[in-house]
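Since the structure comes first, as structure tokens, the remarks are kept for the end.
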Number of protein chains: 2
Amino acid sequence: MFSKACEYGIKAAIFIAVNSSEHRRVSPKEISEEIDSPQAFTAKILQALVRNDIVQSVRGAHGGFEIEKDKIATTKLSQIVFAIDGDNIYKGCGLGLHTCDENHPCPVHDKFKVVREELREMLENTTLEQLALDIKSGVSFLKI
Amino acid sequence: MFSKACEYGIKAAIFIAVNSSEHRRVSPKEISEEIDSPQAFTAKILQALVRNDIVQSVRGAHGGFEIEKDKIATTKLSQIVFAIDGDNIYKGCGLGLHTCDENHPCPVHDKFKVVREELREMLENTTLEQLALDIKSGVSFLKI
DNA sequence: TTTATTTCGGATAAATTTATCCTATTTATA
DNA sequence: TATAAATAGGATAAATTTATCCGAAATAAA
Ligand code: FES
Ligand code: FES
């Protein structure tokens, strides 16, 4: 469904959000350990999130990654997915036609668009804050 | 969402179904032209569909691919997807945890499973026959 | 039985995704 | 100002997916 890069990106963002809400910056090392992902690869993905203004980075000693408090509440899952995987997952044709077009639909168009639309809404209606809250309370988990 | 192989497999199966319903066998060449896919790669995918008893092949002169009449009506999209991509798409964890487990959920589990379940139902409730019918009547298209 | 036609299947190559490594750059602090 | 700690980013490698090529095997028909 999502690429590995996107999975790591989502989990990393959640972990950073959890820590930022407690005013703690975290390193790629700590992040990759907590979300069970390859460290250097995760660092690359973090750079993409920084460039897309989803997380903030502070270089140098005592640096690390953080998310501004108000961004934790406003950042949607859709923004993270878009930053890493683009919007093909909730815009593209399920059977790979060049464009998903009502006037030139593929065989699964009508049925597929319902699922895709539900995915899009889910991604757009889910904030980092909601997800971070469940991690904090021990209801959900980032690894294993 | 689906792999290229799976996209080609679905489109190929639909094209074969359309032709089998008119008692015409088709070759990988014809199939790949009609669904706009690489021929040799498509041939490999067809072999997988044959091994999974979703399409039938007839070797030698006047051979080609076909689908038994009653199979056109009974074959579900889910069977094709399973034969090529496996069941991870509607069973696996959206964030890549080893298993999707109610008792050890990832942060998106509750929201994701709704989407995934809808996808699963869609795939299980869609038959080759329905899809082939729309192609025949010119309502849907296999390429461009 | 030979020939033409067609799928099967192994080997290989290209492209993309995933992952690692190493150095440069930035920053706090001693 | 020197040093240590930390992210940034380029180069490269490994793994997977996508794609191509070619000969073997099967089959119908001449
Ligand atoms: S055209 Fe294929 S999903 Fe819309
Ligand atoms: S645990 Fe991630 S989707 Fe169920």
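To find a chain, count down the sequence lines: A is the first, B the second, and so on, and within it residues start at 1. Because the structure is predicted, anything quoted here is derived from the model rather than measured.
Within 4.0 Å of B:G60, counting heavy atoms only, lies at least one base atom of the nucleic acid.
Taking atom NZ of residue B:K44 and atom P of nucleotide C:dA14, one finds them 17 Å apart after rounding to whole Å. Rounded to an integer number of Å, the gap from CG of A:L46 to C1' of D:dA8 is 12 Å. Between B:H62 atom NE2 and C:dT3 atom P the separation is 19 Å, expressed in whole Å. Per the geometry, CZ belonging to B:F65 stands 12 Å off P belonging to C:dT6, to the nearest Å. Counting to the nearest Å, the P atom of C:dC8 and the CG atom of B:N52 are 13 Å from each other. Atom pair A:I45:CD1 and C:dT17:C1' shows a separation of 11 Å (rounding to whole Å applied). With rounding to whole Å, B:E66 atom CD is found 13 Å from C:dT7 atom C1'. The distance between atom CD1 of B:I84 and atom P of D:dT18, rounded to the nearest whole Å, is 11 Å.
Positionally, the nearest nucleotide of DNA chain D for A:Q47 lies more toward the 5' end than for the other of B:R59 and A:Q47. Residue A:V50 is the one, among A:V50 and B:V58, whose nearest nucleotide of DNA chain D lies closer to the 5' end (criterion: closest heavy atom). Map A:A61 and A:T42 each onto its nearest nucleotide of DNA chain C; the residue landing nearer the 5' end is A:T42.
Looking only at distances, no side-chain donor or acceptor of A:D36 sits under 3.5 Å from a matching main-chain atom of A:S32. With B:E22 contributing its side chain and B:N19 its backbone, the two residues share no donor-acceptor pair below 3.5 Å. With hydrogens and angles ignored, the 3.5 Å screen pairs no side-chain donor or acceptor of A:H104 with any backbone N or O of A:T99. Of the possible polar contacts, one joining the B:K11 side chain to the A:L95 backbone as a donor-acceptor pair under 3.5 Å is found.
Between A:R120 and A:D87, none of the side-chain N atoms (NZ, or NE/NH1/NH2) sits under 4.0 Å from a carboxylate O, so this pair counts as no salt bridge. Salt-bridge check for B:K29 with B:E33: passed, with a basic side-chain N closer than 4.0 Å to an acidic carboxylate O.
OP1 or OP2 of D:dA8 sits under 4.0 Å from a side-chain N or O of A:S57.
Residue B:F41 places its side chain closer to D:dA19 than to any other of C:dG10, C:dC21, D:dA19.
Sorted by first and then second residue, the ring pair (Phe, Tyr, Trp, His ring centres under 6.0 Å) pairs with a member in residues 45-67 of chain A form an empty list; sequence neighbours excluded.
In the region residues 5-40 of chain B, proximity to DNA chain C at under 4.0 angstrom, judged on heavy atoms, holds for B:V26, B:S27, B:P28.
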